[in-house]
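Worksheet: one structure, shown below.
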2 protein chains.
Amino acid sequence: MTHGVPVLRIDLGSDRPAYEQIVGGLRALLVAGEFASGDRLPPVRQLAIDLGVHHNTVAESYRVLEQEGWLDLSRGRGAIVRRRPERKASPAAKQEFSRRLEELAAKAIADGLPRASVAEQLKALAGRLTET
Amino acid sequence: MTHGVPVLRIDLGSDRPAYEQIVGGLRALLVAGEFASGDRLPPVRQLAIDLGVHHNTVAESYRVLEQEGWLDLSRGRGAIVRRRPERKASPAAKQEFSRRLEELAAKAIADGLPRASVAEQLKALAGRLTET
DNA sequence: TCATAATGTATAGTGTCTATGTACAATAGA
DNA sequence: TCTATTGTACATAGACACTATACATTATGA
């Protein structure tokens, strides 16, 4: 009955689909190395309760991550984190990232964040990515 | 009959809604100061043809930008860029940006972009935002 | 072993969103 | 005024997001 700290939080009021927020949040944790290979993610029903959504919504998210190679899913056993082979970036992926990044920053500035503040966050993340 | 360079390009194959890509792309241009107050955006039908979508789809995008204060819309006259009062960033906006940024970077890395490359792009954008 | 709980999966239903087709209304320009 | 230009309104089709419910598989422990 481990009901420790929820792995994740989402914004139900957001116009962004819940399953997408879940995928994005978990992927970020996975990329950050927060889970070791063999670790088990919470059961869909448990995470669903924590987040306030239906368990099928969590299941859908898990399936996306399985598709991406992050998870092994099976009934009865759960969602197990997998060692995932590095993949080679497509040129499209790089361009997509570039575009989305620009749009995201523009949105933040449009929302009133000072450019300096946005730049600061960008540099901070860049630093976190290159350290070690 | 000015049919100069298209203002914008979108990816019709993307799972991202076309109108959202249009909004995001135009907003980025607006934030970058590519349009002066009083400039006219292309008529919905013209841009629709350039992008390969229905004119109502472009119209929906224009309406979003009008809602955000970027445009003045009216029949017969077109979509005119407006001077837009700066707004004060809500705490939620800052947190939202932070979260989205992390997820975006994680997605890029998951797609195979080297962390160094992602960091590079982040720093490059930060530089562009702070110059001048 | 066997019953039961735990866990992911399948399917159907409902409401919303996205994009389009078509017709309409307001403005500009000759 | 007449016509072209431009944004708008509304209906429709299809896809999508989320939920309810039942099912299949695996683990657990008596």
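As a basis for the values below, the full set of heavy atoms in this structure was taken, side chains included, without hydrogen atoms, waters or symmetry mates.
Put simply, CG on A:L41 is 9 Å from P on C:dG8, counting in whole angstrom units. If you measure from atom NE2 of B:H54 to atom P of C:dG21, you get 5 Å, rounded to the nearest angstrom. The distance from atom CG of B:L12 to atom C1' of C:dA19 is 11 Å, rounded to the nearest whole Å. The separation between A:E66 atom CD and C:dT9 atom C1' is 11 Å, rounded to whole Å.
When heavy atoms are screened at a 4.0 angstrom cut-off, B:R45 is found touching base atoms of the nucleic acid. Using a 4.0 Å heavy-atom cutoff across all strands shown, A:R16 reaches no nucleic acid atom at all.
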Query raised in the report: How does each nucleotide of nucleotides 25-30 of chain C score, in 5' to 3' order, for protein heavy atoms under 4.0 Å: base (B), sugar-phosphate only (S), or none (-)?
Result: BSBS--
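With C:dA19, C:dG8, D:dA9 as the candidates, the nucleotide lying closest to the side chain of A:Y62 is C:dG8. The A:P43 side chain lies nearest to C:dG8 when the options are C:dT11, C:dG8, D:dC18.
Here A:R63 reaches the OP1 or OP2 of C:dT9: one of its side-chain N or O atoms lies under 4.0 Å away. Of the side-chain N and O atoms in A:T57, one or more sit less than 4.0 angstrom from OP1 or OP2 of D:dT19.
On a pure distance criterion of 3.5 Å, a polar donor-acceptor pair joins the side chain of B:H55 and the base of D:dT8.
Salt bridge present: A:R100 and A:E96 bring a charged side-chain N and a carboxylate O closer than 4.0 Å. Under a 4.0 Å N-O distance rule, the pair A:E60/A:R63 qualifies as a salt bridge.
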